[in-house]
Amino acid sequence: MMKKIIQQLTTSSRVLVASHAKPDGDAIGSLLAMGIALERIGCEVTRYNESAIPAVYRFLPLVDTIQRELTDVAGFDTAVILDCGGLDRVGSAVDAITTIPTIVNIDHHTTNTRFGQYHLVDVNACATSEIIYRLIHAMGLELNVEMATAIYTGILTDTGSFRFSNTNRAAFSICEAMVAIGVNPSAVARHVYGTYSLGRIKLLNLALDSIEISSNGHISIMTVTREMLSDTGTQPEDADGLINYARRIQDVKVAALIHELENGNNVSRGRKRFHVSLRSDGSVDVARIASDFGGGGHAGAAGFSVESSLAELKKTIYSLSEGFRGTCHLN
Ligand code: AMP
Ligand code: MN
Ligand code: MN
């Protein structure tokens, strides 16, 4: 498949590269590295992401070339879609992107729907950035420090700094190679983890205070409301990573972060829209739970969006522990 994809890319002249809305380090890193690689082989490249790039990733080289608008898709030969379990994860541009003649799906989510004509889906890859590294290598290209920084950041953030269950040998060997090319690990860490605004620290305080736990101690719930964001002057991206505190609690198997979203047009009274992030301690497959709610992800980290009242949603999440018999063991 890798060969066929390289063949397709080398014969394309205008290529769209896109990754999932509300991007994380892997979505941005894989997009930036792929963009440079495609330009190297002579493609005219458009880099697209629906959402604003979180402040902690704005240090990445060429990040300003990522555009939030997609006006005319008629001229693209090929779309390369990165870190998306389903094509709808790109956001509102999904219908426009569907009209592009060839779609290449590069991803590592267990719930990947195999959309598009070409798939490079490896659920054992620690990050989409790992797959992009292998693809760039197979294309016969040398990585420059810009590409290396993007790939390093994608792997660092998706593995939770080499702590999560997706941390594999490739995570270390690729990051070692990226450092050899010139990536500065402490500089990347300072940007990604060491530059919290005061508001973000205040949000952390409110989020920690919101943690509740089920009576059997197996489920923890953290809640981040719109009011908490406005009181602290923060953005939704400032809640990234907070769920790890809820997951660390002793005996907790599944941690949920309920994130109140901006209200849509058609939400009925008393109900709101929420995104729920799920993390497991390795004994429960949360991708399966998220799929039941129309979302997806990985065994250890998944998510879904719902319309509900907050009280009802918490009840639903607490009731999940009854289904923990269908469990898995992550390595
Ligand atoms: P998050 O809930 O944003 O912390 O994401 C956890 C993991 O689940 C990430 O790998 C996401 O790409 C994936 N994910 C989150 N929400 C969804 C969704 N609605 N559909 C499919 N995958 C999702
Ligand atoms: Mn991602
Ligand atoms: Mn990823």
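Order of appearance sets the numbers: ligands from 1, and atoms from 1 within every ligand. The figures here come from the full heavy-atom set of this structure, side chains too, leaving out hydrogens, waters and symmetry mates.
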At under 4.0 Å between heavy atoms, which part of R279 makes contact with ligand 1: side chain, backbone, both or neither? side chain
Please state which part of K22 comes within less than 4.0 Å of ligand 1, counting heavy atoms only: side chain, backbone, both or neither.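 Looking at K22 and ligand 1, no heavy atom falls under 4.0 Å.
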Are V121 and I131 linked, directly or through other ILVMFWY residues, by side chains that come within less than 4.5 angstrom of each other? no
Nearest-neighbour protein heavy atom for [atom], which is reported as residue plus atom name and distance:
atom: atom 21 (C) of ligand 1; answer: G296 N, 3.2 Å
atom: atom 1 (P) of ligand 1; answer: S277 OG, 3.4 Å
atom: atom 7 (C) of ligand 1; answer: A301 O, 3.5 Å

Taking distance alone, with N or O pairs closer than 3.5 Å, would you say G295 contacts ligand 1? no
Please say which of D122, D158, N166 ends up in a side chain to side chain donor-acceptor pair (under 3.5 Å) with H108. D158
For atom 11 (C) of ligand 1, which of H20, R89, H298 has the closest heavy atom?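 Minimum heavy-atom distance to atom 11 (C) of ligand 1 goes to R89.
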For H275, atoms of ligand 1 separated by under 4.0 Å from a heavy atom: 1 (P), 2 (O), 3 (O), 15 (C), 16 (N)
By number and element, which atoms of ligand 1 are closer than 4.0 Å to a non-hydrogen atom of G297?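 It comes down to these atoms of ligand 1: 8 (O), 13 (C), 22 (N).
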Do any of the N/O/S atoms of H109, backbone or side chain, fall under 2.8 Å from the Mn ion (ligand 3)?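 Coordinating: no.
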Quick check: does D24 have an N/O/S atom under 2.8 Å of the Mn ion (ligand 3)?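 No N, O or S atom of D24 is closer than 2.8 Å to the Mn ion (ligand 3), so no.
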Donor on one side chain, acceptor on other, [X] and [Y], under 3.5 Å:
X: S92; Y: E50; result: yes
X: H20; Y: D83; result: yes
X: T128; Y: S30; result: no
X: D285; Y: S280; result: no

As an exercise, state the distance from CD of E212 to OG1 of T223, rounded to the nearest 0.5 Å. 5.5 Å
Just checking: D158, one of its N/O/S atoms, less than 2.8 Å away from the Mn ion (ligand 2), yes or no? no
Let me check your reading of the structure: within less than 2.8 Å of the Mn ion (ligand 2), is there an N/O/S atom from D26?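 No, since none of the N, O or S atoms of D26 sits under 2.8 Å from the Mn ion (ligand 2).
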Is it true that G85 lies under 4.0 Å from ligand 1, counting heavy atoms only? no
Looking only at N, O or S atoms in D83, which is nearest to the Mn ion (ligand 2)?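 Result for D83 and the Mn ion (ligand 2): OD2.
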Whether R14 and E44 form a salt bridge (side-chain N of Lys/Arg under 4.0 Å from carboxylate O of Asp/Glu) is what I want to check.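 Result for this pair is yes, salt bridge flagged.
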Salt bridge flag under 4.0 Å for residues R47 and E39: yes
I155 pairs by side-chain contact (heavy atoms from CB on, under 4.5 Å) with which of N168, I174, T167, D26? I174
